[in-house]
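Here the structure is laid out as structure tokens; the discussion comes afterwards.
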Amino acid sequence: MTKDGPTYGFDTLQIHAGARPDPATGARQTPIYQTTAYVFRDAEHAAALFNLQEVGFIYSRLTNPTVAVLQERVATLEGGVGAVCCSSGHAAQIMALFPLMQPGMNIVASTRLYGGTVTQFSQTIKRFGWSATFVDTDDLDAVKAAFDDNTRAIFCESIANPGGYITDLQAIAGIADDAGIPLVVDNTSATPYLCRPIDHGATLVVHSTTKYLTGNGTVTGGCVVDSGTFDWSASDKFPSLSQPEPAYHGLKFHETFGPLAYTFHSIAIGLRDLGMTMNPQAAHYTLMGIETLSLRMQRHVENAEKVAAWLEKDPRVDFVTYAGLPSSPYFDRIKSVCPKGAGALFTFAVKGGYDACVKLVNNLEIFSHVANLGDARSLVIHSASTTHRQLTPEQQEAAGAAPNVVRVSIGIEDADDLIEDLDRALNAAT
Ligand SMILES: *Cc1c(COP(=O)(O)O)cnc(C)c1O
């Protein structure tokens with residue numbers, strides 16, 4: 001399926017994009033190329049590959065044919081020009097920022113991010129000399145005010161964990177544009193089936209492929225997709241992409257590779273030197289998962305709508321945060337940001353607080369109590385007694401993880417069974 005061919009629909013592309021029958025054997029399914037290295041045709045071929053004068057396979061820390069199919073597939077589904085896969089979602093976030101940042105530079109990040117991302121951005125990136133300023137992305141004036149001369153990216157989630165809040169991507173992209181700064185969107189919870197951030201003005205899209213893209217809780221992985229639309233040479237803010245690269249004889253990535261500059265940099269410098277590579281087995285599992293992405297997401301959304309509506313009416317429940325409910329303050333944003341649905345991730349508050357939540361989690365049978373989301377099976381976690389245990393009650397509240405709240409990731413089982421399971425456990429809990 002080539003870029004110049006006919007325009008296919010999402011369901012066709014999720015199965016075919018990037019894949020072609022194996023040239024050596026005709027194998028129809030993408031083989032797992034379980035190899036570390038690739039034989040050069042001759043010494044000249046090897047030299048051309050190492051000089052980036054010719055594109056090809058050298059060593060699997062950089063590129064691998066199975067991983068390359070996944071990269072092309074995710075890039076196609078997201079409407080980007082290229083992608084680089086990584087060993088996890090968190091690796092993808094570091095890889096996404098790496099070409100943009102230098103010591104002393106900062107990012108502006110949403111307060112409503114996956115808990116692990118808050119820790120990565122507020123603590124760990126300081127070791128690189130980077131920092132993050134956290135803002136409420138619903139407060140556009142605060143977003144504008146958070147930018148300074150050293151800001152090199154703004155980072156948010158399309159559908160934000162854990163409450164399922166929807167970000168006004170177009171508004172944030174407008175602010176980023178005015179500042180000449182790339183917008184990076186974590187699209188893990190939405191997937192390209194529900195939301196395509198690049199269509200709303202995002203420069204880069206990051207994924208934890210661990211979640212819905214793989215879809216069954218088997219392998220960790222991540223991906224960075226480049227829109228190819230950002231002008232890295234418009235200012236002197238992105239020297240890694242616009243200025244001569246000493247490790248490649250002074251090659252300028254933007255000048256040489258044009259819209260593919262970011263993707264080439266991520267492979268030729270990012271994967272080469274940081275080594276956060278996805279392995280071909282993981283790429284295989286994720287390719288399998290993506291073949292059924294649209295079908296699963298339709299059922300995830302359908303089930304989440306049913307379960308959330310049932311919970312909202314239940315007297316044992318104080319509130320439900322699902323943006324797919326007409327009562328949600330984010331309901332109006334669905335039409336523009338994710339018209340096929342608000343995902344399958346939300347929180348609800350149980351009357352009886354912390355103790356009732358712990359009992360609820362202990363009494364659920366179909367829902368698994370795990371620190372994961374985006375699995376075919378339904379998952380639950382009581383954040384206050386687990387992932388957000390170290391935070392003060394005020395911090396837990398701000399993160400959407402108050403002691404009286406549990407987070408669910410609604411799976412693709414029978415919705416009636418999920419409701420019955422919740423009913424039984426709520427009885428035991430309250
Ligand atoms: C899980 C997750 C991550 C981190 O991904 P890993 O694959 O666990 O490293 C980042 N962002 C979101 C929204 C996630 O759900």
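In each ligand, atom 1 is the first atom listed, and ligand 1 is the first ligand listed.
At a threshold of 4.5 Å between non-hydrogen side-chain atoms, the residues Lys211 and Asn372 count as touching. Counting heavy atoms from C-beta outward, Ser60 and Tyr38 have side chains that approach closer than 4.5 Å. Side chains of Ile412 and Glu302 form no contact here, defined as non-hydrogen atoms less than 4.5 Å apart. Between Ile290 and Thr286 there is a side-chain heavy-atom pair separated by less than 4.5 Å. Side-chain contact between Tyr114 and Gln120: absent, with no pair of heavy atoms (C-beta onward) separated by less than 4.5 Å.
From the protein, the heavy atom lying nearest to atom 10 (C) of ligand 1 is Gln93 OE1, 3.3 Å. Nearest protein neighbour of atom 4 (C) of ligand 1, counting heavy atoms only, is His90 ND1, 3.5 Å.
Among Thr210, Val219, Thr214, the residue whose heavy atom sits closest to atom 7 (O) of ligand 1 is Thr210. Counting only non-hydrogen atoms, the option in Ser88, Ser208, Ser409 that gets closest to atom 5 (O) of ligand 1 is Ser208.
Between Tyr114 and ligand 1, no pair of N/O atoms sits closer than 3.5 Å. The shortest N/O to N/O separation between Lys211 and ligand 1 falls below 3.5 Å. For ligand 1, one of its N or O atoms has an N or O atom of Asp186 under 3.5 Å away. Here's the thing with Thr220: none of its N/O atoms is less than 3.5 angstrom from an N/O atom of ligand 1. Residue-to-ligand polar distances place Gly89 within reach of ligand 1: an N/O pair is separated by less than 3.5 Å.
Salt bridge annotation for Arg316-Asp423: present, with a cationic side-chain nitrogen under 4.0 angstrom from a carboxylate oxygen.
Across every non-hydrogen atom of His207 and Ala92, the tightest pair is O-CB, 4.0 Å.
With Tyr354 as the aromatic partner, Lys359 does not meet the cation-pi criteria of under 6.0 angstrom to the ring centre and within 45 degrees of the ring axis.
Heavy atoms of Gly221 come nearer than 4.0 angstrom to ligand 1 in at least one pair.
Of all the heavy atoms of Leu113, none lies under 4.0 Å from any atom of ligand 1, so neither backbone nor side chain is involved.
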